[in-house]
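For reference, the structure discussed in these notes is given below.
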Amino acid sequence: MGRRLAVVAAALGMALAGLGSPMAARAATAQRSDLPSGNTEYRTIADYEADMAELVDEHPNLVKPITLPNKTSSGRTVHGIEISRNVHAKDGKPVFVTVGMHHGNEWPSGELTMEYAVDVVENASRPEFASLLAKARLVVVPVVNVDGFIANKRQTATKVDMNRNYGFGWLPISTGGAAPWSEPETRNIQWLLSTRQATTFVTQHTCIQVVLYPPIQLKAGPTQDVARFQDLGTRMAESYGPSYRALDSAHDYETTGEAIDWAYFATRGLAFTNETCPDEGVERTYETQVADAYEGHRGAMLKAFKSTADPAQHSVISGKAPQGAVLRIAKDFPMYTQPYEQPDGTVRPTEFPTSLTSELEVTDPSGRFSWSVNPSERPIPPYQKDGLKGNQTGFYTEPWTLTCERPDGTVLQNVPVNVGLGKTAEVDLQACARNFQQ
Ligand SMILES: [Zn+2]
């Protein structure tokens with residue numbers, strides 16, 4: 001809702017305790033909805049930003065702001081928030097990333113994403129959220145395509161469909177952009193998922209009743225983690241309602257260059273496109289698309305958040321390092337578009353680098369750490385250097401490189417770490433410990 005109502009509330013002199021904030025002012029009105037915010041109409045971009053700033057201000061140890069590194073093609077900044085107990089610590093918790101509005105005219109996708117953030121923050125002390133926030137992190141970017149949202153258009157200001165611009169399996173279709181990753185908005189999500197251990201990723205859309213997972217093309221064949229996708233996907237669909245179903249995106253309709261395809265094949269985090277829509281024949285309003293849809297969305301997000309925290313759904317690196325040491329894991333590998341006609345006339349894929357990196361600070365005086373990460377084994381992708389090779393069933397054995405560093409960045413030890421899904425790898429960092437204080 002918005003500032004308008006907040007202004008009215010202020011003008012009415014509602015200077016009661018706790019009514020100093022826009023969200024509290026909204027909550028005090030008779031028009032309050034059942035949504036966590038109490039809103040009764042769509043936010044503007046200023047509302048989103050004010051609401052995120054308010055959550056940060058009022059819960060400084062629980063919520064921290066994220067500024068995505070690239071401005072939109074119109075020069076606007078994209079904002080998000082990170083939510084966890086002791087949110088500023090680099091403590092190695094697994095991460096659930098959820099984003100809205102790849103398509104700027106799908107307003108309910110931003111609202112549902114933002115309402116979940118408000119819900120988790122305002123109800124952080126309730127047992128179901130408290131235990132999750134102790135074990136995992138939630139990262140929320142409600143409006144990833146800010147220019148499109150402001151213009152109420154599906155595409156970005158450069159007329160590119162963000163969800164056709166991801167480099168993996170990219171083809172030069174009319175809305176795919178001039179090149180893979182050509183759009184700053186797309187590169188923002190690449191950064192978001194490459195710089196933390198996002199073990200679950202949900203990108204919210206409208207207007208179908210479906211939970212989609214990779215692949216996005218039939219020729220690619222089922223992914224190596226199809227059973228895990230079906231399990232969580234089906235459970236999320238059940239929360240949304242009896243007419244929702246879960247299926248691979250290729251069987252909904254085929255596309256290229258989508259977020260979930262790149263996300264899964266780069267990180268092995270489970271990546272979903274959740275599409276919500278009212279039942280057929282029901283008018284599409286704020287009430288039906290946001291207020292009525294939220295309860296189902298909340299249930300789906302709770303399942304995704306729980307799956308994020310479940311050690312069976314990621315990997316763990318544990319060990320002992322000097323208190324104060326910085327540990328970093330990284331890997332670099334090439335990924336490929338599909339083959340298409342290059343400027344020199346040859347038909348071949350474009351290679352692009354993928355670098356995953358994240359860090360942990362050892363804070364416990366004992367030096368013990370436990371780091372929830374994505375498995376080091378990477379699913380062999382269907383799009384390769386020599387073209388499409390579908391129906392892959394294997395994984396690359398591709399260790400994380402773990403470095404143990406002084407806070408000034410001096411690397412004291414390098415260790416390759418192979419760790420499978422649901423497994424724990426214990427690393428020996430005695431060399432780092434010996435040299436740390438010198
Ligand atoms: Zn969409």
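For ligands, and for the atoms within them, numbers begin at 1 and follow the listed sequence.
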At a threshold of 2.8 Å, where the distance has to be below it, does the Zn ion (ligand 1) have an N, O or S atom of His205 nearby?
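Checking His205: at least one N, O or S atom is under 2.8 Å.
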Whether Glu275 has an N, O or S atom under 2.8 Å from the Zn ion (ligand 1):
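It does not: Glu275 brings no N, O or S atom closer than 2.8 Å to the Zn ion (ligand 1).
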How is the N/O/S atom of His103 that comes nearest to the Zn ion (ligand 1) named?
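Atom name returned: ND1.
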Does a side-chain N-to-carboxylate-O contact under 4.0 Å join [X] and [Y]?
| X | Y | result |
| --- | --- | --- |
| Asp231 | Arg235 | yes |
| Lys71 | Glu185 | no |
| Lys153 | Asp147 | no |

Run the numbers on His205 and Ser109 for side-chain hydrogen bond (donor to acceptor under 3.5 Å, both in side chains), then give the verdict.
CA-CA 5 Å; His205 287 254; Ser109 73; over 6 Å; no
